2 protein chains.
Amino acid sequence: MSGPPANGSEHPHVSPTTTADFPSARGQDVEALVNDLIGRVADKWTMIVLEVLAEHGELRFTQVARRIPGISQKMLTQTLRQMERDGMIIRTVHAVVPPRVDYRLTDLGESLGAAFCGVWIWAEQNLGRIQSARDDFDQRQASRD
Amino acid sequence: MSGPPANGSEHPHVSPTTTADFPSARGQDVEALVNDLIGRVADKWTMIVLEVLAEHGELRFTQVARRIPGISQKMLTQTLRQMERDGMIIRTVHAVVPPRVDYRLTDLGESLGAAFCGVWIWAEQNLGRIQSARDDFDQRQASRD
DNA sequence: CAGCATCCGAAGCGATACTG
DNA sequence: CAGTATCGCTTCGGATGCTG
């Protein structure tokens, strides 16, 4: 890939220290915002919750929890709240007893899910390669004593 | 819900190396492994380094650092090591003085970069929507006193 | 230049207890 | 059921100083 599309808003004051080198000097401010957003979205639990909801459409709290082994109740709540705040999911509270709260993706959330689709596929397809690369690295590391 | 690959059990997933498969925690759930991998890859600095190297091809340490304002030397070193361990980048040490170390993506790293490209585009395109969604949420939250 | 080692405050996170 | 509140441990991560 060649980085973000840069949406045409390039800045003239990106001061290249080396001349005639960077064909794509993009606006640093836009990049910073995108990076910040990526930092929020690129959270382990966020992506997993996203995947679960993308797959099942609408789930209540415990159903989401059951689909994500290893997550604590605290982290699930926190992640769901954050995603709700970012406009990725809709939280529906039913006034019944016992309480029932449903979660589902918004259009925005689904579009992110679609964007992440490629990453999931990549992860599945390259799991083995990463593991062996890691083994190789650790092996070389261990044999330097 | 044009969702992600989601359910690992329904996919042409990996594990061609079917050696002795332990019945316990480690090897039984592909989904768990994918989630683990996602957890590693979904790191803020990892993704930014990935993007920088995808854009520039080959850079030395300080050149990468210059491209990522806000990262500390410690985190950059750490991130680069981790990515090298995962087989995403190649680290070339030139035996010269002053020392020169070049970093570039492997094929695996580039393929991940390609997979993430869609996310980057999404982030740029939906920056505004997330911010206003966040403002709305905070507004509603504040008006409950 | 490209790191590694150390210190230390800040943030993350799980476990537990409690509530409507 | 679906949370909130709190405690305490662990990890993160920046700052600083030192090395080949």
Side-chain angles (χ1 to χ4, degrees), chain A residues 17-18 32 35-36 38-49 52-53 56 58-86 89-104 137 140-142 144-145, chain B residues 25 32 35-36 38-49 52-53 56 58-85 89-104 137 140-142 144-145:
Chain A
T17 49
T18 49
N35 286 350
D36 184 60
I38 289 286
R40 285 173 193 276
V41 145
D43 174 65
K44 178 187 177 182
W45 296 130
T46 298
M47 298 213 294
I48 296 177
V49 167
V52 167
L53 287 180
H56 291 89
E58 184 160 34
L59 295 176
R60 43 197 300 187
F61 189 84
T62 45
Q63 289 179 318
V64 178
R66 204 172 308 130
R67 276 280 163 185
I68 309 178
I71 195 172
S72 65
Q73 178 272 332
K74 179 183 178 179
M75 289 317 293
L76 181 55
T77 299
Q78 197 175 104
T79 303
L80 288 169
R81 280 289 181 286
Q82 225 172 178
M83 292 176 75
E84 185 195 2
R85 177 171 181 256
D86 286 346
I89 64 177
I90 298 277
R91 177 172 175 268
T92 309
V93 182
H94 300 275
V96 297
V97 52
R100 177 200 178 97
V101 181
D102 287 337
Y103 294 93
R104 65 179 170 84
F137 185 86
R140 272 195 298 276
Q141 213 67 3
R144 293 199 304 121
D145 53 4
Chain B
N35 286 352
D36 184 61
I38 289 287
R40 285 175 191 275
V41 145
D43 175 66
K44 178 186 176 182
W45 295 132
T46 298
M47 299 214 293
I48 297 178
V49 166
V52 166
L53 287 180
H56 291 88
E58 185 161 33
L59 295 176
R60 44 197 300 191
F61 189 84
T62 45
Q63 289 179 318
V64 178
R66 204 173 308 129
R67 274 279 160 188
I68 309 179
I71 195 172
S72 65
Q73 176 270 327
K74 179 182 179 178
M75 289 317 294
L76 181 54
T77 301
Q78 198 174 104
T79 303
L80 287 169
R81 279 291 181 286
Q82 216 172 207
M83 292 176 73
E84 185 196 2
R85 177 169 181 259
I89 63 176
I90 297 276
R91 178 172 176 267
T92 310
V93 182
H94 301 273
V96 296
V97 54
R100 177 199 180 98
V101 180
D102 287 335
Y103 295 93
R104 64 177 170 85
F137 186 86
R140 274 195 297 277
Q141 213 68 3
R144 295 201 301 124
D145 53 3

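Reminder, nothing fancy here: chain letters follow the sequence lines and each chain counts from 1. None of these values were measured; they are calculated from a predicted model. Atoms considered below: every heavy atom in the structure, side chains included; atoms not considered: hydrogens, waters and symmetry mates.
- Across all strands, B:Gln73 comes closer than 4.0 Å to base atoms (heavy-atom distances).
- Residues B:Met75 and A:Pro98 each lie close to DNA chain D; by heavy-atom proximity, the contact nearer the 5' end of the strand is made by A:Pro98.
- Nucleotide D:dC12 holds its P atom 17 Å from the CG atom of B:Leu76, rounded to whole Å.
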Determine whether A:Asp102 and A:Arg100 satisfy the following criterion, salt bridge (Lys or Arg N to Asp or Glu O under 4.0 Å), listing intermediate values before the conclusion. CA-CA 7 Å; A:Asp102 287 337; A:Arg100 177 200 178 97; 3.4 Å; yes
Residue pair B:Leu76, B:Val64: steps toward the side-chain contact (heavy atoms from CB on, under 4.5 Å) verdict: CA-CA 8 Å; B:Leu76 181 54; B:Val64 178; 3.8 Å; yes
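- Among C:dA2, D:dG14, C:dG3, the nucleotide with an atom closest to any side-chain atom of B:Ser72 is D:dG14.
- Where A:Pro99 and B:Phe61 each meet DNA chain C at their nearest nucleotide, the meeting point lying more 5' is that of B:Phe61.
- Rounding to whole angstrom units, CD of residue A:Gln82 and C1' of C:dC13 are separated by 13 Å.
- The residue among A:Trp45 and B:Val101 whose nearest nucleotide of DNA chain C is located toward the 5' end is B:Val101.
- In this structure, A:Glu84 atom CD and D:dG3 atom P are separated by 9 Å, rounded to whole Å.
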Could you go through the side-chain contact (heavy atoms from CB on, under 4.5 Å) check for B:Ile90 and B:Glu84 one step at a time? CA-CA 6 Å; B:Ile90 297 276; B:Glu84 185 196 2; over 6 Å; no
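- Taking every side-chain heavy atom of A:Thr62 into account, D:dC1 is the closest of D:dC1, C:dC4, D:dA15.
- Distance, B:Gln78 CD to C:dC4 C1': 12 Å, rounded to whole Å.
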